[in-house]
Amino acid sequence: MLAHSKVQSFGAERSLMGDKLERRFATRAVHSGTKHIQGAVNTPIFQSSTYRLSDDRYAGWAGGAQHTLIYSRLSSVNSEACVEKICALEGAEDGELFASGMAAISTVMLGLLSNGDHMVASADVYGGTYGLMTEELPRFGIHVTMANMQDTASYEAAIQGNTKMIYIETLSNPVLKVCDIAAMAAIAKRHHLLLVIDNTFTSPWGCQPIALGCDIVIHSTTKYLSGHSDIVGGAVVGRKDLIAEIFTKKIHFGGAPDPHACYLLERGMRTLSARMPIHCRNAAEIARRLDAHPQIEKTIHPSLPSHPDHELGKRIMPKGTGMLAFVVEGGDAAAVRFMRNLQLIFEATSLGGVESLIECPFNSSHRFIPEPVRTAAGVVPGFVRISVGIEDVEDIWHDIEQALAQL
Ligand SMILES: *Cc1c(COP(=O)(O)O)cnc(C)c1O
């Protein structure tokens with residue numbers, strides 16, 4: 001009975017959250033959103049597809065059903081806990097949780113754009129997003145012009161009379177170019193367009209795009225937010241009116257997350273501000289050492305003065321990133337041999353987990369992009385990407401050194 005009444009007072013628990021926003025980031029990461037059901041310290045795994053209907057819930061249903069515990073495609077105890085935490089970390093008014101990053105991205109694009117609408121994006125966005133924009137959206141009469149995320153003027157030049165949305169990412173993959181979010185926000189404002197950003201690569205610890213003028217922030221929670229390579233998930237946060245619309249589309253498209261995955265996400269996010277400084281510090285240190293290594297042609301990390309966005313990065317994501325790229329002497333064959341020589345760093349796609357992961361874009365994320373296009377984008381032969389984990393930096397370095405020495 002106690003559990004039941006606690007869950008019924010869910011709405012009241014939510015509204016309390018707003019009063020706690022003055023708490024600092026690390027405290028919000030630990031505490032925001034947690035549902036202390038039956039006095040539990042952590043939100044328990046609340047594995048139920050549906051909830052007993054009551055007058056409160058009928059009232060919530062009549063009011064649009066958002067954040068009302070009715071049925072788990074709409075929301076669940078565990079998804080509510082997560083979304084409140086992400087909103088608290090991003091400084092967002094509201095949010096919705098999804099079953100994957102791509103479910104979040106596709107619901108935003110297909111949900112907010114209609115036949116005849118146009119958006120401006122960039123060819124170096126996440127591969128799945130690129131596929132959605134080039135292969136799926138045109139089938140529904142939604143057209144995308146590809147501009148250059150690092151050249152804000154190219155975005156403005158691509159705007160048409162029917163443009164509705166500008167789409168950017170904090171850092172491009174895999175060459176880690178920084179987007180001038182504030183300049184993009186000025187363009188969006190001038191032309192009355194929605195500015196949507198995928199902030200997966202820095203997490204809200206590294207960059208908070210809403211403060212820079214974005215309307216909607218998307219995450220693949222698979223990455224830094226969950227942080228342990230154990231779930232696939234997504235989130236969309238931002239302006240309340242837009243999120244209400246996205247909620248309706250989520251119900252129709254169906255990309256809702258499972259309570260157990262949400263539980264793991266919430267657990268992961270509690271340590272976000274403990275993990276992120278180590279990812280970033282390790283990546284910057286490995287970048288510094290690689291930069292001085294004779295077998296490395298080029299090292300790409302915004303912390304290096306040689307990085308083209310070194311100064312811009314200090315403004316947009318001053319705390320750095322745990323993502324790192326470099327070019328091994330000897331081309332793609334050498335890069336693959338280098339990867340296979342590693343003993344600690346795991347060869348796998350994805351990023352943002354506590355363990356270091358490595359991949360060569362030419363045979364993974366960028367395998368369907370023709371070589372001349374890849375090379376023009378900076379993914380030259382020998383290109384390797386590492387998601388630097390939180391292991392001891394000396395062990396990560398030792399592994400890289402011994403793998404290079406065997407080449
Ligand atoms: C992984 C990723 C996605 C897709 O997320 P999924 O959870 O794999 O669906 C989108 N954007 C970026 C930047 C990503 O790294």
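Source: prediction; values computed, not measured. In each ligand, atom 1 is the first atom listed, and ligand 1 is the first ligand listed. When reading the values below, keep in mind they use all heavy atoms of this one structure, side chains included, and skip hydrogens, waters and symmetry mates.
Residues Lys177 and Asp309 are not paired through a salt bridge, judged by the lack of any N-O separation under 4.0 Å between the basic side chain and the carboxylate. We find that Arg239 and Glu245 are not joined by a salt bridge, their nearest charged nitrogen and carboxylate oxygen being 4.0 Å or further apart.
Distance from atom 7 (O) of ligand 1 to its nearest protein heavy atom, with residue and atom name: Thr222 OG1, 2.7 Å. At the top of the distance list for atom 6 (P) of ligand 1, counting protein heavy atoms only, stands Gly101 N, 3.3 Å. Distance from atom 8 (O) of ligand 1 to its nearest protein heavy atom, with residue and atom name: Tyr126 OH, 4.0 Å. Regarding atom 11 (N) of ligand 1, its nearest protein heavy-atom neighbour is Asp198 OD2, 2.6 Å. Nearest protein heavy-atom neighbour of atom 9 (O) of ligand 1: Met102 N, 2.8 Å.
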Pair Leu112-Ile246, side chain to side chain contact (heavy atoms under 4.5 Å, CB included): steps then yes or no: CA-CA 7 Å; Leu112 298 183; Ile246 287 165; 4.0 Å; yes
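Residue-to-ligand polar distances place Ser220 within reach of ligand 1: an N/O pair is separated by less than 3.5 Å. For ligand 1, the polar-atom distance check finds no N/O of Leu351 at less than 3.5 Å from any of the ligand's N/O atoms. For Lys223, a nitrogen or oxygen atom sits less than 3.5 Å from a nitrogen or oxygen atom of ligand 1, counting backbone and side chain alike.
Between Ile105 and ligand 1 there is a heavy-atom distance shorter than 4.0 Å. Using a 4.0 angstrom heavy-atom cutoff, Gly233 counts as in contact with ligand 1.
Interface atoms of ligand 1 facing Phe201, defined by a heavy-atom separation under 4.0 Å, are 13 (C), 15 (O). Atoms of ligand 1 lying under 4.0 Å from at least one heavy atom of Ser100, given by number and element, are 7 (O), 9 (O).
Around CZ of Phe346, the count of heavy atoms belonging to other residues, nucleotides or ligands within 6.0 Å does not exceed 12.
For Gln47 and His260, the side-chain atoms include no donor-acceptor pair closer than 3.5 Å. With 3.5 Å as the limit, one finds a donor-acceptor pair spanning the side chains of Ser303 and His301.
No part of Asn173 comes within 4.0 Å of ligand 1, judged by heavy-atom distances.
Scanning both residues, Met109 and Leu132, for their nearest heavy atoms gives SD-CD2, 3.7 Å.
With Thr43 as the partner, the side chain to side chain donor-acceptor pair (under 3.5 Å) test is satisfied by one option alone out of Lys35, Glu266, Lys85: Glu266.
Remark: the backbone N or O of Asn148 is paired with a side-chain donor or acceptor of Ser154 at under 3.5 angstrom.
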